[in-house]
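Just so we're on the same page: letters track the sequence lines, and every chain starts at 1. Every heavy atom of this structure was used, including side-chain atoms; hydrogens, water molecules and symmetry mates were not. Just so it is clear, the structure is predicted and the values come from calculations on it, not from any experiment.
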Amino acid sequence: MPEEVFLIGSLTPQAPSTMASRGGGRGRGRGQLTFSVEAVGIGKGDALPPPTLQPSPLFPPLEFRPVPLPSGEEGEYVLALKQELRGAMRQLPYFIRPAVPKRDVERYSDKYQMSGPIDNAIDWNPDWRRLPRELKIRVRKLQKERTTILLPKRPPKTTEDKEDTIQKLETLEKKEEEVTSEEDEEKEEEEEKEEEEEEEYDEEEHEEETDYIMSYFDNGEDFGGDSDDNMDEAIY
Amino acid sequence: MTQAEIKLCSLLLQEHFGEIVEKIGVHLIRTGSQPLRVIAHDTGTSLDQVKKALCVLIQHNLVIHRVHKRGVVEYEAQCSRVLRMLRYPRYIYTAKTLYSDTGELLVEELLLNGKMTMSAVVKKVADRLTETMEGQYCSHAVSRGVDGKNMDYAEVSNTFVRLADTHFVQRCPVVPATENSDPGPPPPAPTLVISEKDMYLVPKLSLIGKGKRRRSSDEDATGEPKAKRPKHTSDNKEPIPDDGIYWQANLDRFHQHFRDQAIVSAVANRMDQTSSEIVRTMLRMSEITTSSSAPFTQPLSSNEIFRSLPVGYNISKQVLDQYLTLLADDPLEFVGKSGDSGGGMYVINRNDQAKTLLSDLDPWHEDLHKALGCLSTASLESVVQERFGSRCARIFRLVLQKKHLEQKQVEDFAMIPAKEAKDMLYKMLSENFISLQSVANLIERRQFETKENKRLLEKSQRVEAIIASMQATGAEEAQLQEIEEMITAPERQQLETLKRNVNKLDACEIQVDETIFLLESYIESTLKRQ
């Protein structure tokens, strides 16, 4: 970091004549400083160190040897632990990555990629009872984007009636075209009061939108990246 | 907050939580308490991002919220708590030395997640231990509560209880139970409270079960592979017995442990191994009878101490008494004598009183202040001696002994010209500041090195992954060789150098943090005195 260069010479109690004339009635023949010179420890008439005319050297020679680094079993273990923790924290949902900037052209694979929690929802489950209410992120429907619609809690798809399914699909279709309206917001509020757990990104809901089961889709980016021990299937 | 501290906070937040959390966190550290919308506006961040960041920061006990007048909620960062992240490996390793792998993982999970319920952390740790023990069936695993290849919840629970009993983990403040008679809208944010007596109270849980191996959860009941990664595991649907009761690591307790360790090693250096063992025994006995904020331990009788000495230390009672007397008489006063009953009553001095060493003590209070100051002094002295030479160390000792030192006295006592003395004092004061700056520099350098070699690192990771998967499918030696050669010899060299440098930088961070801890302990206890 850059060293501050003090012009020590200017701290002398005897001010040069130019300052005295500038002071007018205020100056009493000595430069007014914001601190008491004696308190710092500079007595009257002391020879001050010579002025510093250049920044101090970048790597000054060491007067004494540096303290040795931690070594041995404990040192090694703590070091490995530190590095492991660093990696681990990056994988946790608390590590928030900035949103990937939208690409210029909408690509087909976008529909199948999950680049992050939808609509900025949180990836983990805070205890909302402990937090200010304003921090709760409401999942909103957005125009022109895929929407996540909050429906009242319903049983898994496989157990539903066919008719119900068709009905729901139609409702969904209609909703996709709607703009966020007062009515919907009200409905959301109601739902929020009823079941707070549903507010986060729900994979099941999201999956409705595509024809395929999300986790089956592999766009090849992970090729070679996973190395599970004892893989039963061959990799081609 | 100094610039150095802010810079270091910024780097730590960035490494642990990413840029967005870093931006919000640093902003709060700089500006102090602020409401949500002001934060968003001042940092130019979207409201949603700010909310996410605040949730993370609050979860990790780095930011607290307060309701102000007119219902405005403000958020305040705890800068010193952010700096503690540097010390996480040390806390975890300490837990390992005291409570072995189980303890280690419990503390690790609590630190990584900020706060957790006991049931959640016990299950998580049981799962992790089970994973590492996969295929490692051995006899002493059985004695640790491992049934075959799965870790029993009860065993993990027991260790958790011990951590709570010795105050290494503590309960987080809770949402107060709402009274039904209270009309009106709910407050914008809960005011969390905790009473002293509840802080280490372990809820009555009967956690029955064993840790799961990762593989078994890949299949559902029918044996078919689950189609999707379950967002809500089946555990969530069960009622949580200790719902709402969260636990966190008690960093102050760890700090006390570090200080105790340092006292023990200072005694060992100054006297001998036996003396240090006696002091260590006394500290162990005082662990839970003394709250961590108390300045002095409960008096221990020499009879009690004798009974508590570790097995294998066969010194006679008379010899013990001699040691205790020596310790109490030592001018550094690690141990104080506070009575004669029970063969002699002794206390350990834990806090700093270096500045009042030569002044009169209130005879009815023996502060724990002294030993820390002494130990801190002793450690600092050796640091000072090593870095600045013996003349400087001489001055340092003198300054600590007297509250004020006049210039002439420095000259007289230390026989060093005043100018030089002042120069050295200034150097030492700035040492604290420099240490913080150093750590920031170390982190930046390490990040730089990693970024420079990003391409090479990624390549090497890919190659490793390919080799691993090929090995799993039974590839021949020749094929593996071929893949390995994808990384050229000079590249290998570069990777070696990088690894060595990164390790060195990491080790330096750890080392400097130890120095920071010592300096801070001393400063903190000195300030308390005032």
| Top of B:D506, B:I20, B:V56 for chain A proximity - count of heavy-atom pairs under 4.5 angstrom | B:D506
| field | Full working for side-chain contact (heavy atoms from CB on, under 4.5 Å) between A:L135 and B:V73 | value | CA-CA 10 Å; A:L135 288 186; B:V73 181; over 6 Å; no
| request: Step by step, work out the salt bridge (charged side-chain N to carboxylate O under 4.0 Å, His left out) result for A:D127 and B:K115. | output: CA-CA 10 Å; A:D127 188 342; B:K115 42 172 92 75; over 6 Å; no
| Contact class of B:E458 relative to chain A, heavy atoms under 4.5 angstrom | neither
| task | Sort B:R87 into side chain, backbone, both or neither according to what part of it lies under 4.5 angstrom from a heavy atom of chain A. | result | neither
| note | What one should report as the nearest heavy-atom pair of B:N503 and A:Q83 is OD1-NE2, 2.7 Å
| Contact origin within B:I58 toward chain A - heavy atom pairs under 4.5 Å | side chain
| remark: Smallest heavy-atom separation, A:R130 atom then B:V174 atom, equals NH1-CA, 4.2 Å
| said: Is B:E104 in contact with chain A via its backbone, its side chain, both, or neither, using a 4.5 Å heavy-atom distance? | reply: side chain
| query | Looking at B:I92, B:V67, B:V50, which one has more heavy-atom pairs under 4.5 Å with chain A than the rest? | reply | B:I92
| note | Turns out that what part of B:H16 lies under 4.5 Å from chain A's heavy atoms comes down to both
| Minimum heavy-atom distance B:P89-A:L81, with the two atoms named | O-CD2, 3.5 Å
| note | When every non-hydrogen atom of A:F95 is compared with those of B:E15, the smallest separation belongs to CE1-O, 3.6 Å
| Which atoms of B:K504 approach chain A - backbone, side chain, both or neither, heavy atom under 4.5 Å | both
| task | Would you please name every residue forming a ring-ring contact (aromatic ring centres under 6.0 Å, His included) with B:Y93, sequence neighbours left out? | result | A:Y77
| said: Under 4.0 Å between a side-chain nitrogen and a carboxylate oxygen: does that hold for B:D513 and A:K82? | reply: no
| request: Could you tell me which non-hydrogen atom of B:P190 sits nearest to which non-hydrogen atom of A:P132, and how far apart they are? | output: CD-N, 4.2 Å
| message | Counting only non-hydrogen atoms closer than 4.5 Å, does B:E22 touch chain A with its backbone (N, CA, C, O), its side chain (CB onward), both, or neither? | response | neither
Please table the atom pairs, donor to acceptor, closer than 3.5 Å between any side-chain atom in residues 87-94 of chain A and protein atoms at least two apart or in another chain.
from  : atom 1 : to     : atom 2 : distance (Å)
A:Y94 : OH     : B:N113 : OD1    : 2.8

| request: Decide if atom CD of A:E73 counts as having more than 12 heavy atoms of other residues, nucleotides or ligands within a radius under 6.0 Å. | output: no
| Picking from B:H60, B:M470, B:E19, which has the most non-hydrogen pairs under 4.5 angstrom with chain A? | B:H60
| Rounded to the nearest 0.5 Å, how far does CG of A:N125 lie from SG of B:C55? | 11.5 Å
| message | Between B:T191, B:V463, B:D243, who has the most heavy-atom pairs with chain A when the cutoff is under 4.5 Å? | response | B:D243
